[in-house]
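Let me begin by presenting the structure, written as structure tokens, before commenting on it.
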Amino acid sequence: MPQLPKNQDHKEVDESSLVFDASLLRHQLHLPKQFIWPDEEKPCLKNVPELVVPLIDLGGFLSGDPAAALEAARLVGEACQKHGFFLVVNHGIDSKLISHAHSYMDEFFELPLSQKQRAQRKTGEHCGYASSFTGRFTSKLPWKETLSFQFSAEKNSPTIVKDYLCNTMGKDFEQFGNVYQEYCESMSTLSLGIMELLEISLGVGKAYFREFFEENSSIMRLNYYPPCQKPDLTLGTGPHCDPTSLTILHQDQVGGLQVCVDNEWHSISPNFNAFVVNIGDTFMALSNGRYKSCLHRAVVNSKTTRKSLAFFLCPRSDKLVTPPSELVHDLSPRMYPDFTWPMLLEFTQKHYRADTKTLEAFTNWVQQKRS
Ligand SMILES: C=C1C[C@]23C[C@H]1CC[C@H]2[C@]1(C)CCC[C@@](C)(C(=O)O)[C@H]1[C@@H]3C(=O)O
Ligand SMILES: O=C(O)CCC(=O)C(=O)O
Ligand SMILES: [Fe+2]
């Protein structure tokens, strides 16, 4: 077994050893020590500058206007060179669907813990319900509950989201399942449109990225951040780059997403009509390092619950992550080894807590295994 990088808090401890019930946790005067982050990672909650991110209007592009496609691709490329985050509006997704997704999320996370635990994430798996990742990490616990499930764009899995939710949570989750099945389908369609813009901006032809993700096998994650009595001591989601390919995130009106640009944390203000989009590690490898996966985190507050819906685009499991020939030449040699997404996913679920150096640690791990 190759020597793993030091990522000491990623231990699969006995699942039953520690369970935090968020509904009780928020009333304790002191935070359990596992939730207190090291000083150098604690959030500063005052005067965080706002990140000026272009609102990219997809209306023209989605209706087939070539000039609008070029302009949108230019703005996407500019953002991806700078910090890897951009906002899209006029994305074509029904605001009622987004509102339904948010309200069903409230319903789920307000259930008693025992009911949520029907979907309890199992050791080493990425789907299911997790509360503060207890039983998974032993320190720097995130102040959040999550529900994650698989989406597949393959023709043979038309109801994978609805089936998972009904099978796990019971028949009364049929409507919940329908809403998220439709939400994920719209996320997948939007992702493919954004892949076209990334192709144009990188000068990659033959719909290379669009085809690569046509039959994607992606992850939908619901992030639920209860209010915290000491929000300056903990984090909702720790500093990390998404190991996935592209993230399309919808945040509620509370605010808390922060992006690290020029070594300083910047906030991304909520905008119900916009999706926040960012490049992940897998796309950074696909682009041979041309576009950067970006460091971000989520802070919590003492007043109100915050929610975010994150769709993580991932390629089908048999796709080899290797950059198109246009992006590999003498002046830009290969930066990362070929790999498949399941290899990187397993690395983050069983061996290494995704942080700011996941792809570097993964590259070393793969090269050790292959040597
Ligand atoms: C493949 C994934 C692992 C995580 C969920 C998706 C994409 C983002 C990853 C994550 C959010 C990065 C920060 C650490 C993490 C443990 C978390 O806080 O949730 C990561 C997710 C995970 O491993 O469950
Ligand atoms: O909740 C947020 O705003 C960010 C969450 C996030 O970065 C993630 O789930 O990967
Ligand atoms: Fe993230």
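Read the numbers this way: they start at 1 and go in the same order the structure lists the ligands and their atoms. As the structure is a prediction and not an experimental result, all values here were calculated from the model.
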Write the atom name of the N, O or S atom in D242 that is nearest the Fe ion (ligand 3). OD1

For atom 3 (C) of ligand 1, is the nearest protein heavy atom under 4.0 Å away? yes

With heavy atoms and a 4.0 Å threshold, my read on which part of T247 contacts ligand 1 is neither

With a heavy-atom distance limit of 4.0 Å, tell me whether Q349 approaches ligand 1 through its side chain, its backbone, both, or neither. side chain

Could you check whether any side-chain N or O of R316 sits under 3.5 Å from a backbone N or O of D318, counting only pairs where one atom can act as donor and the other as acceptor? no

Within ligand 2, which atoms have a heavy atom of H240 less than 4.0 Å away? 6 (C), 7 (O), 8 (C), 10 (O)

R118 to Y129, cation-pi by 6.0 Å centre distance and 45° axis angle: no

With heavy atoms only and a cut-off of under 4.0 Å, state how P243 meets ligand 1: side chain, backbone, both or neither. side chain

Looking only at N/O atoms, are R221 and ligand 2 under 3.5 Å apart anywhere? no

So, is K144 polar-close to ligand 1, with some N/O to N/O distance under 3.5 Å? yes

For H240, counting its heavy atoms only, list the atoms of ligand 1 lying under 4.0 Å from any of them. 12 (C), 13 (C)

Hey, does H126 sit under 4.0 Å from ligand 1 if you only count heavy atoms? no

Show the atoms of ligand 2 that are less than 4.0 angstrom away from any heavy atom in F312. 8 (C), 9 (O), 10 (O)

Give me the residue, atom name and distance of the protein heavy atom closest to atom 21 (C) of ligand 1. R221 NH1, 3.5 Å

D242 neighbourhood, listing ligand 2 atoms whose heavy-atom distance to it stays under 4.0 Å: 10 (O)

Is C241 close enough that one of its N/O/S atoms sits under 2.8 Å from the Fe ion (ligand 3)? no

The answer for which part of W341 has a heavy atom under 4.0 Å from ligand 1 is side chain

Ligand 1 to L345, heavy atom cutoff 4.0 Å, flagged ligand atoms 1 (C)

Below 4.0 Å from any atom of ligand 2, is there a heavy atom belonging to Q251? no

Applying a heavy-atom cut-off of 4.0 Å, say which part of R297 lies close to ligand 2: side chain, backbone, both or neither. neither

Can you name the atoms of ligand 2, numbered from 1 with element, that are less than 4.0 Å from a heavy atom of H296? 7 (O)

Please state which protein non-hydrogen atom is closest to atom 9 (O) of ligand 2 and give its distance, to 0.1 Å? N223 ND2, 3.1 Å

Check each atom of ligand 2 against the heavy atoms of Y225 and keep those under 4.0 Å away; list them by number with element. 1 (O), 2 (C), 4 (C), 5 (C)

Provide the atom name of the closest N, O or S atom of H296 relative to the Fe ion (ligand 3). NE2

Please state which part of K140 comes within less than 4.0 Å of ligand 1, counting heavy atoms only: side chain, backbone, both or neither. neither

